[in-house]
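One structure below.
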Protein chains: 2
Amino acid sequence: MVKNKELQESRIRGYFIEAAKETLKGEGLKAVNVRTVSERAGYSFATLYNYFKDLNELVFICVSDFMDDCETSVDEHSARFNPGQERLKARMKATINYFIQYPGIFELFFVERMNDLGSGQPTARTIYEFTDRIVMDDIRHMTGSGEVSSEDEGLLKMNLRNSMAGLLLFYNNRLQPSDYEEFISIVEKQIDLSLRLCVKHT
Amino acid sequence: MVKNKELQESRIRGYFIEAAKETLKGEGLKAVNVRTVSERAGYSFATLYNYFKDLNELVFICVSDFMDDCETSVDEHSARFNPGQERLKARMKATINYFIQYPGIFELFFVERMNDLGSGQPTARTIYEFTDRIVMDDIRHMTGSGEVSSEDEGLLKMNLRNSMAGLLLFYNNRLQPSDYEEFISIVEKQIDLSLRLCVKHT
DNA sequence: TAAATTATATTATCATTGTTCATTTAGTTT
DNA sequence: AAACTAAATGAACAATGATAATATAATTTA
């Protein structure tokens, strides 16, 4: 029966994916290697190659899982706000907090160049668009209500995207600023600044 | 004679450093390995360890060299402008162009986490401050002339720093946007936006 | 049910890269 | 020339990604 086989296969793939995700969340990308992940999944390292082309394929399957995770977390943290500026801020902060909580995932998303082959290209676009998707609804809302002009819509999105990536890059990779409190205060300032640029009469 | 020995040693160190820099500029961080670099320097791989603690030490010596390179290039490209807004823009663009020209160096500066040990910590701070140093003079000038309020001085610096890192991160690592022309136009927009935020009556 | 076939998991093995160490080679002093 | 010192190197090991041949388990067929 073909159906059973598919189910079983996808379960085993799932064990490897789960193991890779745990390792990424806990110890980061550097700790993800064929032997560690396979052992965590309960298989020999060679078995991994029966279910994935190579380690990269496995790792980048995790990317889309984490995107869903992150969006869910952001939705939860912003549900109590009305659409618009306040919710936008909440969503930005939730996104940043997600990546702070799991530096390994940030690394995976933004830092590790989508290795070599064509398999990376679509992933790259997905990630790029991910950041826009996080803020899209609220920016649309603000454009709709006239708070943001339609020329500024794209600029705001761009500035939020770039500065968020920059903030996380410096904080996660460089430990700068060194403590979390200070970092959060800088995040606030950066988001307010982006909004100040574009939002009329704040 | 002790002096001779030091000179000879520092020359040989220089051969390794030069080889590492060439490889970084040309093929990027991934291509830098003990054997490649040593061969390029004209020595066996083992010789490298007579002059450097390990490969990381060698690589991070390159960082400060490249910072100097970059600053020189930025100075050249902005020399014809008067201090202030226009020169600031020119310097930002020159910085971005430098890293576009050598994606491997960007990777080295911003992406590769200063590995593990304590040797990384000071380097991290140096790099963080590097971006500020690029724009410092002009922002000071604008504060002095009253174009930028003293509260906004820090915000402008922060936004420029973060958004520059973000822009390069997306462009270099993700090839997004895909062509250079479009990227440059986005860079223009981003810089203008940062300035718009903070500079009075532009 | 036993044999044959297929699917799955694993061990053995190789290639690459960073690193160390003992040995060789070259240079210097006596 | 012999003894000594310093520099350069090759042999070797560990970690990691990957492949392929073999062993094991499951399934089908006679």
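Each chain gets a letter, A, B and so on, in the order the sequences are listed, and its residues count up from 1. All heavy atoms count here, side chains included; hydrogens, waters and symmetry mates do not. The model shown is predicted, which means the values in this text are computed figures rather than measured ones.
One interatomic measurement links the two molecules: CG of D54(B) to C1' of dG18(C), which rounds to 9 Å at whole-angstrom precision. Atom OH of Y43(B) and atom C1' of dA6(D) are 13 Å apart (whole Å). Rounded to whole angstrom, the span from the CG atom of N50(B) across to the P atom of dT9(D) amounts to 9 Å. Distance L29(B) CG to dG18(C) C1': 14 Å, rounded to the nearest Å. Rounded to whole angstrom, the span from the CZ atom of F16(A) across to the P atom of dT8(C) amounts to 13 Å. Rounded to a whole Å, the CD atom of E39(B) is 14 Å from the P atom of dT16(C). Atom-to-atom, CD1 of I12(A) to P of dA9(C) comes out at 4 Å; the value is rounded to the nearest Å. In this structure, the CG atom of L48(A) is 10 Å from the P atom of dG17(D), given to the nearest Å.
Counting any heavy atom pair closer than 4.0 Å across all strands shown, V32(B) reaches sugar-phosphate atoms only and no base atom. Counting any heavy atom pair closer than 4.0 Å across all strands shown, N33(B) reaches sugar-phosphate atoms only and no base atom. Heavy atoms of V34(B) sit under 4.0 angstrom from at least one base atom.
Between L167(A) and F183(A) the shortest heavy-atom distance is O-CE1, 3.7 Å.
Using cut-offs of 30° and 60° on the angle between ring planes, the pair Y15(B) and Y43(B) is parallel.
Set against dT19(C), dA18(D), dT11(C), the side chain of L55(B) has dT19(C) as its closest nucleotide. Of the candidate nucleotides dG18(C), dT10(C), dT9(D), dT10(C) has the atom nearest to the side chain of T47(A). Distances were taken from every side-chain heavy atom of Y49(B) (C-beta onward) to each of dT19(C), dA8(D), dT19(D); the shortest belongs to dT19(C). Residue F45(A) has its side chain nearest to dT19(D) when only dG10(D), dT19(D), dA9(C) are considered. Ranking dT10(C), dA18(D), dA12(D) by closeness to the R35(B) side chain, first place goes to dA12(D). Distance from the side chain of Y51(B) is smallest to dA7(D) among dA9(C), dT19(C), dA7(D).
Within 6.0 Å of atom CD in E9(A), more than 12 heavy atoms from other residues, nucleotides or ligands are found, so the atom counts as buried in its surroundings.
In this structure, a donor-acceptor pair under 3.5 Å is present between the side chains of Q190(A) and N159(B).
The cationic group of R13(B) does not satisfy the cation-pi geometry with Y51(B), failing either the under 6.0 Å distance to the six-membered ring centre or the 45° limit from the ring axis.
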